[in-house]
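Working notes, structure below.
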There are 2 protein chains.
Amino acid sequence: MPAEVATLVAFFKALADTTRLRIVGLLAVEERSVDEIATLVDVRPPTVSHHLSKLKKLGLVSVRSEGNTRWYRLELDAVEKLAREVLAGDGLTSIGDEVEAAAEDAYALKVMQTFMEGERITQLPRQWRKKLVLVRYVAQQFEADRTYSEAEIKAVIAPIYPDHVTLRRLMIDVKWMLRDKAGRAYRLNPERLAELRGSP
Amino acid sequence: MPAEVATLVAFFKALADTTRLRIVGLLAVEERSVDEIATLVDVRPPTVSHHLSKLKKLGLVSVRSEGNTRWYRLELDAVEKLAREVLAGDGLTSIGDEVEAAAEDAYALKVMQTFMEGERITQLPRQWRKKLVLVRYVAQQFEADRTYSEAEIKAVIAPIYPDHVTLRRLMIDVKWMLRDKAGRAYRLNPERLAELRGSP
DNA sequence: CATCTAATTAGATGATCGCCGAATTAGCGG
DNA sequence: CCGCTAATTCGGCGATCATCTAATTAGATG
């Protein structure tokens with residue numbers, strides 16, 4: 001299973017402080033007491049205690065009591081496990097997918113609100129990705145399981161956007177629609193119908 | 001060369017924010033514009049710009065201009081390189097060494113200030129590591145290249161700490177001092193003289 | 001039981017930092 | 001050259017967080 005965003009952020013936060021990273025460094029060498037750490041990194045013991053409790057909560061560090069001094073040690077396995085997730089190659093990519101999946105709809109919606117007014121496209125965006133959103137919207141206006149003549153295509157598109165030729169060409173470039181190689185018949189690409197209906 | 005503390009902290013800081021990590025995730029999949037990112041992670045463009053500039057300053061991200069939109073991409077090499085330093089096994093350890101080297105003196109000083117008064121040891125600390133500091137101090141009071149009888153040892157230690165027997169035994173346990181196996185002669189361990197003179 | 005030491009908790013302060021809205025700059029098209 | 005879009009910069013607000021001192025808990029010692 002890929003890394004959760006929240007988990008990774010927590011991990012990075014833990015090491016994103018000079019004092020805390022130095023403490024972790026010390027514990028990577030050998031176990032140490034709060035008091036030792038305090039003098040070695042030059043902060044007061046309460047501060048060290050505070051940092052250690054954070055690290056402990058994440059399982060990066062463990063304690064052993066002896067008398068009334070407490071010996072802290074680094075849980076190297078936990079550290080390496082998390083660090084490895086970042087390296088995993090698709091570790092970051094999977095975060096990207098996660099974000100996209102959650103927000104692709106919102107993006108399409110925003111683009112449509114910007115470049116359309118009701119059912120009509122007011123202007124074609126210049127950015128390719130935004131253009132795609134509108135082309136997809138137009139393609140959704142066609143029915144599956146039938147063919148369209150050039151005139152019929154125009155009849156559907158023109159009310160949405162005057163320059164129907166451009167939009168027809170775009171639909172074909174992007175392969176939402178196929179052109180019959182023999183004559184002048186068009187039809188929706190049957191292989192991508194599900195894709196066209198689904199939200200993304 | 002091992003990782004600098006400051007470098008690593010900067011790296012962790014960069015990824016230690018949910019929004020920023022999600023942005024990095026998106027860029028790990030494909031290059032994106034500020035505007036797209038803004039809608040996908042649901043913050044205003046100025047915020048995205050702000051984050052991207054931070055990432056760029058660290059070289060984790062690069063830009064390409066096209067018209068007046070700017071396409072950001074992730075520098076995967078840079079990310080992996082830094083992440084690998086953490087995993088390097090001795091990556092964290094080397095930080096520990098760095099901290100120790102810089103502060104071991106301070107630690108010894110503090111221990112001595114706590115448990116000594118002038119030239120005299122007021123009390124022997126219970127923590128082993130603290131005890132070591134004082135034992136080392138005592139060992140430094142002896143001359144190299146000569147031997148000591150038991151009485152002479154006592155003559156050196158007693159003014160510093162009444163229980164000279166304990167301290168003598170400690171010096172031997174820790175191997176600052178050697179006991180002649182035949183008789184009753186003691187001398188500093190010649191193999192560790194340099195260590196005894198140097199500050200740590 | 002009184003005392004000492006090690007550590008933690010509590011409360012306060014100051015700095016950092018993410019986020020936003022408003023204003024500004026840069027590129028493009030009529 | 002004016003208007004539009006994309007992006008950045010600026011100033012400010014609010015939250016988070018590292019750090020400190022002071023007070024408290026827990027162990028060990030005599």
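Per chain, numbering begins at 1; letters A, B, ... match sequence-line order. Predicted model only: the values in this text are computed from it and were never measured.
We find that CG of B:Asn68 is positioned 7 Å from C1' of C:dA26, with the value rounded to whole Å. Nucleotide D:dA28 holds its P atom 10 Å from the CD atom of A:Glu66, rounded to whole Å. Separating the NE2 atom of A:His50 from the C1' atom of C:dA10 is a distance of 12 Å, rounded to the nearest angstrom. The CD1 atom of B:Ile37 sits 9 Å away from the P atom of D:dA7 (whole-angstrom rounding). Computed from coordinates, the B:Leu21 CG to C:dG18 P distance equals 13 Å when rounded to whole Å. Whole-Å rounding puts the B:Lys13 NZ to D:dA18 C1' distance at 10 Å. One can place NE2 of A:His51 at 16 Å from P of C:dA7, the figure rounded to the nearest angstrom. For the pair B:Trp71 CH2 and C:dG27 C1', the interatomic distance rounds to 15 Å; values are reported in whole Å.
In plain terms, the two heavy atoms of A:Val9 and B:Thr18 that are nearest each other are CG2-CA, 3.8 Å. In terms of heavy-atom proximity, A:Ile153 sits nearest to A:Met177 at CD1-SD, 3.6 Å. Nearest heavy-atom pair across A:Phe142 and A:Leu188 is O-CD1, 3.6 Å. Pairing each heavy atom of B:Leu27 with each of B:Leu74, the nearest pair is O-CB, 3.6 Å.
When each of C:dG18, C:dT8, D:dC20 is scored by its nearest atom to the side-chain atoms of A:Arg70, the top-ranked nucleotide is C:dT8. Here the nucleotide nearest the side chain of A:Pro46, chosen from C:dT8, D:dA7, D:dT8, is C:dT8. The listed nucleotides are D:dT8, C:dG18, C:dT8; the one nearest the side chain of B:Val34 is D:dT8.
Look at D:dG30: its Watson-Crick or wobble partner, with both distances under 3.5 angstrom, is C:dC1.
Phosphate proximity of D:dT8 to B:Ser49: present, with a side-chain N or O under 4.0 Å from OP1 or OP2. In this structure, B:Lys54 reaches the C:dG18 phosphate: one of its side-chain N or O atoms is under 4.0 Å from OP1 or OP2. In this model, the phosphate group of C:dC20 is approached by a side-chain N or O of B:Thr47 to a distance below 4.0 Å at OP1 or OP2.
A:Lys175 and A:Glu191 are not joined by a salt bridge, as no carboxylate oxygen comes within less than 4.0 angstrom of a charged side-chain nitrogen.
Along DNA chain D, the nucleotide nearest B:Tyr72 and the nucleotide nearest A:Arg20 are compared for position; the residue whose nucleotide lies closer to the 5' end is B:Tyr72. Along DNA chain D, the nucleotide nearest to A:Gly67 and the one nearest to A:Asp42 differ in position, and the one closer to the 5' end is contacted by A:Asp42.
A:Thr19 comes within contact range of the sugar-phosphate backbone alone, with a heavy-atom separation under 4.0 Å but no base atom that close.
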